[in-house]
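Below, chain A is the first sequence line, B the second, and so on; all start at residue 1.
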Amino acid sequence: MASIWEYANPLKFMRTTEAALPFIGWAAALCLGVGLVWGFFFTPDDFRQGSTVKIFYIHVPSAMMAINIWVMMLITSLIWIVRRHHVSALAARAAAPIGAVMTLIALFTGAVWGQPMWGTWWAWDPRLTSFLILFLFYLGYMALWAAIENDDTAADLTSILCLVGSVFALLSRYAVNFWNQGLHQGASLSLDKKENVADVFWYPALVSIAGFVLLFVALVIVRTNTEIRARRARALMARERLG
Amino acid sequence: MELQVDKLCVARGGLAVLRDVSFSVKPGQALVLRGPNGIGKTTLLRTLAGLQPALSGQVSLAFDDMAYAAHVDGIKTTLTVKENLLFWSHVFGTKTIDPAVEAFALADLLDKPAGLLSAGQKRRLGLARLMVTGRAVWILDEPTVSLDQTAVALFGRVIEGHLAGGGLAILATHIDLGLSNALSLELGAYRAVSSLQDDFDEAFL
Amino acid sequence: MELQVDKLCVARGGLAVLRDVSFSVKPGQALVLRGPNGIGKTTLLRTLAGLQPALSGQVSLAFDDMAYAAHVDGIKTTLTVKENLLFWSHVFGTKTIDPAVEAFALADLLDKPAGLLSAGQKRRLGLARLMVTGRAVWILDEPTVSLDQTAVALFGRVIEGHLAGGGLAILATHIDLGLSNALSLELGAYRAVSSLQDDFDEAFL
Amino acid sequence: MIALLARDLRLAVRAGGGFGLGLSFFLIVIVLIPFGVGPETGLLGRIAPGVLWVAALLACLLSLDRMFALDFEDGSLDLLVTSPLPLEGIITVKAVAHWLTTGLPLVAAAPVFALLMNLPGHGYFALVLSLLIGTPALSVIGAFGAALTVGIKRGGLLLSLLVLPLYVPTLIFGAEVARRGAESQPYTSPLLLLAGISFAALALLPMASAAVLRVNLR
Amino acid sequence: MIALLARDLRLAVRAGGGFGLGLSFFLIVIVLIPFGVGPETGLLGRIAPGVLWVAALLACLLSLDRMFALDFEDGSLDLLVTSPLPLEGIITVKAVAHWLTTGLPLVAAAPVFALLMNLPGHGYFALVLSLLIGTPALSVIGAFGAALTVGIKRGGLLLSLLVLPLYVPTLIFGAEVARRGAESQPYTSPLLLLAGISFAALALLPMASAAVLRVNLR
Amino acid sequence: MMPELGKYAAEVLSAYAVTLGLLFALVLVSVARARRVKGELEEIEHRSKTRG
Ligand code: HEM
Ligand SMILES: Nc1ncnc2c1ncn2[C@@H]1O[C@H](COP(=O)(O)OP(=O)(O)OP(=O)(O)O)[C@@H](O)[C@H]1O
Ligand SMILES: Nc1ncnc2c1ncn2[C@@H]1O[C@H](COP(=O)(O)OP(=O)(O)OP(=O)(O)O)[C@@H](O)[C@H]1O
Ligand SMILES: [Mg+2]
Ligand SMILES: [Mg+2]
């Protein structure tokens, strides 16, 4: 059985992922299409929330992705710190903008949903607030990558930032809870609490979630490979200049 | 206390600059690095001083035997010359700054804020710091920049004294210092040529 | 176009450093300022370049005939060598940067961000900027710092070319450039000795 | 001149900073205020115009020290001053570059941040208008402060100290326009005064800054 | 170590900055807020604890970039790193020096500024206590941010962007203590949490900062 | 075909529009950059191979 670390070789990683990319890409498109069309056209309105319940199908998946992408970055950062596989660091770099966009989507759809439901676009609710902080973490992380010229230095620094940032993100989540009780409904995704959401709304949401996950995977592959190539191009160019 | 460098590869910006540099310097000896601009002298010296990691290869002495002096001298412009030197002597736990002051003829300038010194006077202060560290291996990157003839001679004597006391020195310089016990190493021969790999690996080269 | 300096007194930090310096340089000539560290070479050059006022005395040419190059070169590390030079050529309204690039052998480095250059390469870029200004009087403060022999020779040729084209140059340097048409001025003789005045006036001296 | 503007913008973008960082700082102040003051939307809405203006001002302020100090440290400023460009022009160009990279993005993003601060709905137009007219004055006044502190290493704090009092009139009128807008009152007269300040600053201050810079460089 | 602390304090004083400038910035923010928000005393008193905390935080932040950048630029940092002092120690000393020159004066001066903001009389003790316990965390966290951005020229804005989200927990608990104090509510639990954050940051963060600094210097 | 969105049409539609827009832009940017970088790298590799 070959070790999984084989894929730490950039070329091997690129070959394997690029072979898989079309499948993942089409699956993502399919799931997203089905989930969103199903959700948008073929689900009933909620008796309380009216048609706004349709925002559910994008709000929840994007919110989940926003959090999970940060977790993925945390893991790849750890791999870089411990084993120093370049692909790992580059994958974290590639994922950050996707995470930021997901956070933005969650924030936007949440805000749009909040207007009819809570009578306000924005409230300083813990869930919302900690999302805003998460968005700041994404921004800072990307800005740090962009600001440092040397790739290895940037990888080291951003991964440490990711570690420390995660601790502080958890802390702020707790702090924010302490500070304000909030309007946002609790998590209903865990399986035992499924009754919170009726099945009619639930199944298309699941498909849509799968679509978001697949889209993320596809995008990460594309972007990581781009980063790998860009890095090699930089290295070659530097070498050329050296003569 | 001999400094042995074995097959050292040094890199700048992730790119190998010099490859397989080997030499050894005995106590009482100085090594002068030579080579055209951009060959990698600064990079090699910083690696020796422990300020950046080597790609591969060994250096026989630990970094805390080395004292490094570069283009920028770590001089605080708002402190006086004396305060600057005293600070470093505290940090390195040496007792006195008097020999350094004397060797570089700084006595007249002691109470002058370092920011008011001329280029050459600043340089002298930077070099005086080396003596204050009390370390055996001096690593010097173009030490004589901005120095006039008198000061160069002064500096030459200080180096000779350091070597006579069993110290080592490694210098990169474009001019001739006239040291009596100095080896010279031409770096041109060690320029790294990296080969293009198809199956590119972690270093992406 | 002759540069005549008449009884110039220059000061640093409100303190006279050099007094009654007089000389004249004709087109096609270079003047090399000599003197020990701290005598006031940098101060004199900055005064000539119009970067600080003189205490008294006259300079015959206007400041916009002069191009000044000092220890720091005004190089933007995030811009490439080419962008750096192009910027200055736009500012000074000169048409091309090619002669400068050629004269200082910068062609290979054109697309490299200036921050990645070695000390000597940076220095070459800083000197290339002088050619781009298209001005007649070059004022150079220790121009050969960090340059290797090849580069010093390169620079010598550039100066000769500038002089041959009717330009002037004033340099402060501690090493010998071997210029054919160079005067030399020892500044030691002009050191200012401030007399303590009893009825101290506005200058508080 | 145009070369200088292009260079400054390019440097801002290369530094990775450029447009984004001023904005992020603005965002951060806006986020911090509720953490300090508490989440009550009514209270936040009432202080929103003032806080937004103060935040914009601070965001401007933070990037001021880059305006001349970078060029001073690497000697470019010496060279620019001895170049054929007039010093007043150099300063104006620098202020314009600063406004383009800091003020303009703030103006564009202000509505979003106003949302976070629960600004009442009819206050948006006045807020954006007041920022659009007021921020150029902030950049020009800031250029003056930056010129004053150019010789001082890391003079950031000193700079703030010098510049903030100069910002007060702009702040008062700007925040007044925004506040009246939020409370649906007429705001023509403070707006005119704000515009007056901006124009006067643009017309006169570069001269003072040039004088100051000349003194600082010798 | 002590030599380093003494040097840093001396440098701060010589720079003319030292104790005064952080304070002045604090003062200026406190003065600007009423200009922006309007002079209503009731409103000001209510937002006072939060605004004071935010102002203290911004004042801290502004002086952060001096912490390592000056030493980096003139090469001292290279020399310090190769000196016999442990890097964690160096960083802690730097943070302490920063606190002594910025945090401590703020704590001492906070009551005066609270007066300007019409803080209710019984809120003073809690405000000072919360600042006393919270500002060391600000310095230590700031040292981490400063270490991250040390190689970047004038990374001031980037530094703010990186550090401010990290400041959020401290700010929330600190402001909560101050607010509860002003409203005569019990504030033991947020105070304990605040102290917990401060101690944890003091104990753990210098290690992360040292790692970061090592990376940045090579 | 269009479902009845009631009084919340603007909210729901804008949420969907913005989301799809953002995702689309993200995909577009990623793919475009992938193309560009791939081309650049190929050119550079070709150059350094022919040069030896
Ligand atoms: C800007 C505003 C908002 C943000 C940042 C936000 C963020 C989040 C987050 C982080 C989740 C959790 C996803 C997970 O972990 O499972 C979530 C779920 C959810 N949000 Fe929001 N939200 C916002 C506004 C709203 C509004 C206004 C509503 C509707 C009234 C809403 C309804 C929901 C629902 C129903 C869920 C699913 C709960 C579950 O089953 O886990 N959200 N949102
Ligand atoms: N970050 C970087 N990335 C890539 N190459 C770099 C980087 N920094 C420097 N270089 C290159 O590395 C080479 C070695 O530089 P180094 O400063 O060691 O030269 P040097 O021998 O000290 O030259 P000098 O005599 O001019 O000081 C130079 O060609 C330089 O252009
Ligand atoms: N601000 C100041 N106040 C008082 N004296 C100063 C100030 N700045 C520099 N000096 C002194 O002025 C003198 C002249 O300095 P200058 O830099 O001109 O010397 P230099 O001839 O260029 O020396 P070098 O060869 O070392 O570069 C020096 O003795 C210096 O100590
Ligand atoms: Mg060098
Ligand atoms: Mg000099």
Nearest heavy-atom neighbours spanning D/G36 and E/V54: CA-CG2, 4.5 Å
Interface residues of residues 170-188 of chain D facing chain E - non-hydrogen atoms under 4.5 Å apart: D/L171, D/I172, D/A175, D/R179
With sequence neighbours excluded, residues passing salt bridge (Lys or Arg N to Asp or Glu O under 4.0 Å) with E/D8: E/K94
Per-residue contact mode, D/L61 against chain E (heavy atom under 4.5 angstrom): side chain
Does the side chain of E/V31 reach to within under 4.5 Å of the side chain of D/L164, using non-hydrogen atoms? no
Listed once per pair and sorted, the side-chain hydrogen bond (donor to acceptor under 3.5 Å, both in side chains) pairs that draw on residues 52-62 of chain D, sequence neighbours left out: D/W53-D/S130
What part of E/L58 gets closer than 4.5 Å to chain D, counting heavy atoms only: side chain, backbone, both or neither? side chain
List for me each residue that meets side-chain contact (heavy atoms from CB on, under 4.5 Å) alongside E/L43, sequence neighbours excluded, and say none if there are none. D/L43, D/R46, D/I47, E/V37, E/E40
Which value, rounded to the nearest 0.5 Å, describes the distance between E/L57 atom CG and D/I28 atom CD1? 10.5 Å
